[in-house]
There are 2 protein chains.
Amino acid sequence: MTDRPAIRRSPVKPCDCNLARSFELIGDRWTLLILRSAMYGVRRFDDFQAELDVPRSVLSARLAALVDAGIMERREYREEGQRARIEYPLTKMGAELGLPFFAMTAWGDKWLAEGEPAFGLRSRTSGRKLKVALVDERGKPVKPQDVQYVVRDEVWPPEEPAQPRRRSG
Amino acid sequence: MTDRPAIRRSPVKPCDCNLARSFELIGDRWTLLILRSAMYGVRRFDDFQAELDVPRSVLSARLAALVDAGIMERREYREEGQRARIEYPLTKMGAELGLPFFAMTAWGDKWLAEGEPAFGLRSRTSGRKLKVALVDERGKPVKPQDVQYVVRDEVWPPEEPAQPRRRSG
DNA sequence: CCTATTAGGTCCATATTTTGGACTTAGACT
DNA sequence: AGTCTAAGTCCAAAATATGGACCTAATAGG
């Protein structure tokens, strides 16, 4: 495990990486917590504020950034017999964060849990529990050992010739 | 879409939520970027520093926190004919962030991409492209419309009676 | 032996963000 | 006219981040 060659740079520079770009956008504590609440259906400024105890000025700035990024929408609405209010629903783009968030939840359930996980996903029709997994194009699940990274059509890390060598360039 | 009842609180309080706990641990820009590089195999202090251009003091603090959390390990090693060095490999706990990270990458590829995604996963044996998906216990993929949230054995959000009502309490 | 270099950090003064609280604005109700 | 609520804004104080210089141990070269 120690005798592999050292990898000194990622094959995808942070500035060209969509993962890094995502983190740029939503990778900050309050933003992530706001999105967590939003996934559960929370939509209003004061509700986010009360639930998370986030400073109002921070919440204001984060919501504006999320709207700007297209992850949430700022929308006026009126309940019957009520005055107009503002709500911040997730857009399609935002709702699709559900999958990474659920994968993250499963990780937390496994490694950080205190007690039973409170939350899960289920098939409406079959009633079976659901989980996040890697599947191939046909929907067939694959084993972790069978998974290979590919960067610009090359396998990563580069496969080594049988005998070790000192330096490659 | 606007006439659903307002959800004013998440069903899982942030402090009892393993997703929120995960964010507590790794939900910060530098930490996420460090982990991104680590997934690709970067292990050494100066390599993280050079790749990310992160201030050395911040890197030092973040690595210490990750080691403390059990996500990375701080380890001395010695390459043949070289002096001892320090490396920070991912632990099993850390490596299992791969799935949420890959789900996040796919989200970024879809919504933030400039050009073709540089990175993907593939089956070593079949050569087929892989993706993250929700599957049931038997490994059968499910459709998004078939997915239901469950919180402490209750469906979320609570299913409504057929006719709309003003207030529930 | 003396000096330079590298890896893996620490330390510190300055710059930026966050925080918590007070304040504002507008509509609806009493 | 006064009160309440939702959705913010504004500000001073506190906490963090930043960039750079500095430190230490081990090895390499002369």
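The model shown is predicted, which means the values in this text are computed figures rather than measured ones. Chain letters run A, B, ... following the sequence lines, proteins first and then strands; every chain starts at 1. Heavy atoms only: backbone and side chains are in, while hydrogens, waters and symmetry mates are out.
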Original post:
Should A:Trp30 be listed as having a side-chain N or O under 4.0 Å from OP1 or OP2 of C:dT17?
Top reply: no
Original post:
Between atom CG in B:Asp46 and atom P in C:dT5, what is the gap in whole Å?
Top reply: 16 Å
Subject >> Sugar-phosphate only, base, or nothing, as touched by B:Tyr88 at under 4.0 Å among non-hydrogen atoms >> reply: sugar-phosphate
Original post:
Tell me: CD of A:Glu79 to P of D:dA7, nearest whole Å?
Top reply: 10 Å
Subject >> B:Arg85 side chain near C:dG9 phosphate (N/O to OP1/OP2, under 4.0 Å) >> reply: no
Original post:
In this structure, which one of B:Trp107, B:Trp30, B:Phe101 forms a ring-ring contact (aromatic ring centres under 6.0 Å, His included) with A:Phe23?
Top reply: B:Phe101
Subject >> Closest-nucleotide 5' rank along DNA chain C - winner of A:Asp28 and B:Arg74 >> reply: B:Arg74
Original post:
What about the rings of A:Tyr149 and B:Phe119, do their centers lie closer together than 6.0 Å?
Top reply: yes
Original post:
Is the distance from OP1 or OP2 of D:dT9 to the nearest side-chain N or O of A:Ser60 less than 4.0 Å?
Top reply: yes
Subject >> Between D:dG8 (P) and A:Gln49 (CD): distance, integer Å >> reply: 12 Å
**OP:** Give the rounded distance in Å between these two atoms: CD of A:Gln82 and P of D:dC4.
**Re:** 17 Å
**OP:** Assess whether one donor atom and one acceptor atom, taken from the side chain of B:Arg56 and the base of C:dG8, lie less than 3.5 Å apart.
**Re:** yes
Subject >> Nearest-nucleotide comparison on DNA chain D, the residue closer to the 5′ end among B:Arg62 and A:Arg83 >> reply: A:Arg83
